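Given the structure is predicted, the values throughout are model-derived calculations rather than measurements. The figures here come from the full heavy-atom set of this structure, side chains too, leaving out hydrogens, waters and symmetry mates. Letters A, B, ... are given to chains in the order of the sequence lines, protein chains preceding strands, and every chain is numbered from 1.
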Amino acid sequence: MSGAAESARIALPASGGALAHVIGVARRSPTFVIGAAIILAFAALAVFHPWLMPHDPVRAFPTQVLHAPDAQFWFGTDSNGMDVFSRVIYGAIYAFAIAAPVVVIGMAIGVPIGLFTGYRGGWLDEIVMRFFDALRVFPSIILALAVVAAAGPSLLNVILVLGILDSPVYARVVRAEVLALRANAYVESAVAAGNPTWRILFVHLMPNALQGAMAQSAVRAAWAVRISATLAFLGVGIQPPTPEWGAMIRQGAEYMVTGQWWVGIFPGAALIALVLGLNMLGDGLQDLLDPRRKAATR
Amino acid sequence: MSAPILQVDGLVKHFPTARKGQVVHAVNDVSFAIRAGETVGMVGESGSGKSTIGRAVLRLLEPTSGSIHFQGRDIAHLPERALRPLRADMQIVFQDPWAALNPRLRARDLIEEPLLLHTDLDKVARRSRAAGLADRVHLSDALLDRYPAELSGGQLQRVCIARAIATNPKLIVFDEPTSSLDLSVRAGILELLHELRTETGAAMLFITHDLGTVKLISDRVLVLYLGRIVEEAPTGAIFERGAHPYTQALMSAHLPPDPSVRLRRHVLEGEIPSPIGLPPGCGFASRCPLAVERCRTLSPPLEALGPSHRAACLRIAEGANRLDAATPA
Amino acid sequence: MSLLEVEDLHTHFIARGLDNRIRTARALNGVSFALEAGRTLGLVGETGAGKSLTALSIMGLLRAPARIVAGAIRFEGRDLVGASEDELNALRGGSIALIVQSPRTSLDPLTRVGDQLIAVHRAHRQVDAAAARERAIAMLASVGIPDPARRMNAWPHELSGGMAQRILIAMALINEPRLLIADEPTTGLDVTVQAQVLDLLRRLVREKGIGAIVITHDLGVVAHYCDDVAVMYAGSIVESGSVRAVFGDPRHPYTRNLIASTPEKLQVDRGRRPAVPPPNLYALPDGCHYRDRCPDAAELCAQAPPWIAVGDPGHCARCHFASRQGTAA
């Protein structure tokens, strides 16, 4: 009888190798792995673009305008005679160049606000949160549209506006986390030790409250990519002939009806793939950080 | 007799409830003092206000009214900024060591933190002081580089204690420091506290609901019921000659881990009333087998029964305060 | 035939870690004991000793990754280990009842107390609603709830902790079980309320001749409310026997340590106890599992110790040196 127990005895596990860890992660969240793979692929495009692009993305071939895909122009050419394949690859740089700073700005503004309002509570917290609620009622695209139109359609303006507009998302996540942490004795213990408020916020609360914001960041990066492309599509963001996906889709939309589908479809597909990848990464991240969430949604 | 480190007078703390106009009367007119080197046990059941008092005397809460003289200075309504430097001299150890430490800091940094906040020591000096503190709480050096999640409950509580004694405070509040620990781990912590009691000379306020622990560790005991002190006496007297009927019932409910001890039980009826709508008169009257009509209308004052023995019961004066006389044991 | 016989029960937690390796925590390593009708067995031990897991194994309430890998659980001669979920459902709440630690979370917050009692009764007995209601009211009365007919309409959130625990006891006993398992039935209750609940439990168990297992970490509860005791350490019973024999003459060094660790027995001046973390169930030492922290460990302890019967009939300890007269620490 104890034989069965004997055979179930397994030696103390040493920590496995890197590969074992990757397999373990993949088993727990395939979503995360697929998302990460997609993003790595796009990052590779952005990093290695000089070697991957067959043509200069803004060089026009006046004789090859709206050329269908073939061996020379894999994704065809647009109305300026520029190579769509090279432009799609170059567009990845813009996608990252917008998404990354938007996330950084959003966090840099939102996280301290969330920490402070969550910790202090009271009327200040009420006012800030009502203001954020009011902002949220407005569709973000309309706000972004209005502000970028007023500030002028430059890359820097798009980044700043999106970053600021997105900061309430981080503020809310961090605030909720801080509210939960405040019930923890260690915050009271930090007060009892004589910590000044800034140390409580940034040394004691922030590292523990950032997890949710981090998991959100991938999803918010997807939002930034999507909204910036939408702005460009609507003509208030980055202007053609800059090889940015939104601007390219706008250009391509005109030719959809006339049969030159390749001008818009390829940047569109790239956009969808990256947004999907970022969303999957964000989802997977949350699964990994909180395994119960996954079990509950199963 | 030296001046007390802590002198609390007429402490009152009300908490608002969700419903408008309703308040929780957590602490109602509590006065006591603790001198240097003295360990005072504070016992009571849920709703007795013992944890609220512990937090109020360290000003982790602001009292509704009353005064709290710490080293002769009233700190009852000082702003947080003015309290901060005083925190070097008053410390607390919490009940749940798993929740009381920042999970992102190593044990070493946690022990060093009070030194960083309150002393001019440089990094090297802090480090060696932290090692010395770890040694004092019998925590091996190798554990100092670990994060809280990698330590056991007993080890975590030792980190908390090392933090609390780092700046040589004059007053340490222990809020149920052993309640969430296993028996054998608890024993180690109690031994350590016993050592520190004599070593540090700090005044200690030891809050607990465990009667065995309070008997072991305190010089004097305050018994609380519904936010009031019902009795205060040296530890031996509380266990042997408790004057207040509640003290007698509480002590008799204690179960020593020895089947050969004959219990003399006074099992109380009912439960502790809600501290929201406090009845007039004695808070214990609703459960007291000895209560008479005026107990329900008159609030009994805390009266001296002898040197350092006070109790708040109207029936003491007439000698009708003994439960064993009233109910068969 | 005993009411309940647990024989060489092994329950393991088997799970795959993030590094894709299978980790096995040997949570129960051969638990064996027997319980006679009408007797109360106290199951004591510290966190991770396997007390609650033993209860869950008996009740068939294990959830993955925990599972019984070997052993037998015979209730009135029937083996429950291989029993189907339907068979277990028929027993649970009927012949075998469980009272868990947190009374508040064990009641359905959206159903009136009376309806919960009636539902439990009718799940196991072919009775009409009126008869079930009558039975529920009688049960509430028998657990000392005043005005039971009116209390039937109470919502769980309206109950105090002690009241909720009484309701759970009523629910556990409504179908006249022959085996009752109470997992920390008074933890979290106030001392004076604990006495009421324990008295009630003892009276009902004696009246009905129920066999009861009381799981607790409180040696005081065992000493005064149980007939027999089984001491658990790292998933095995290391000593068992009548309460009087085990407390009076403990033969396993762990039992001695546990008793000596109670605040009542603790000798705080007697030296520094090292801060030992709880046993690692992933890497228990071979032979005697207690050997790595036993003060009296010898070479012989590398071999698995046998059950050794000592002195008093039924008193056994799993220690090579159990027949030596214990030096009560």
Considering residues, nucleotides and ligands other than [X], do more than 12 of their heavy atoms fall under 6.0 Å from its [atom1]?
| X | atom1 | value |
| --- | --- | --- |
| B:R84 | CZ | yes |
| A:F131 | CZ | no |
| A:R120 | CZ | no |
| A:M129 | CE | yes |

Top contributor to chain B interface from A:T197, A:N195, A:V203 [non-hydrogen pairs under 4.5 Å]: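 Highest number of heavy-atom pairs under 4.5 Å: A:N195.
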
Heavy-atom cut-off 4.5 Å, strictly under: side chain, backbone, both or neither for [X] against chain A?
| X | value |
| --- | --- |
| B:R81 | neither |
| B:Q95 | neither |
| B:R59 | neither |
| B:L110 | neither |

Between [options], the one whose heavy-atom pairs under 4.5 Å with chain A are most numerous:
| options | answer |
| --- | --- |
| B:Q91, B:E80, B:M90, B:E113 | B:E113 |
| B:I92, B:L105, B:L60 | B:L60 |
| B:L86, B:L117, B:D96, B:L58 | B:L117 |

Heavy-atom donor-acceptor pair, A:S189 side chain to A:A185 backbone, under 3.5 Å: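 Checked: no pair found.
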
Sidechain N-carboxylate O distance under 4.0 Å for B:D109, B:R104: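 Looking at B:D109 and B:R104, the cut-off is not met.
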
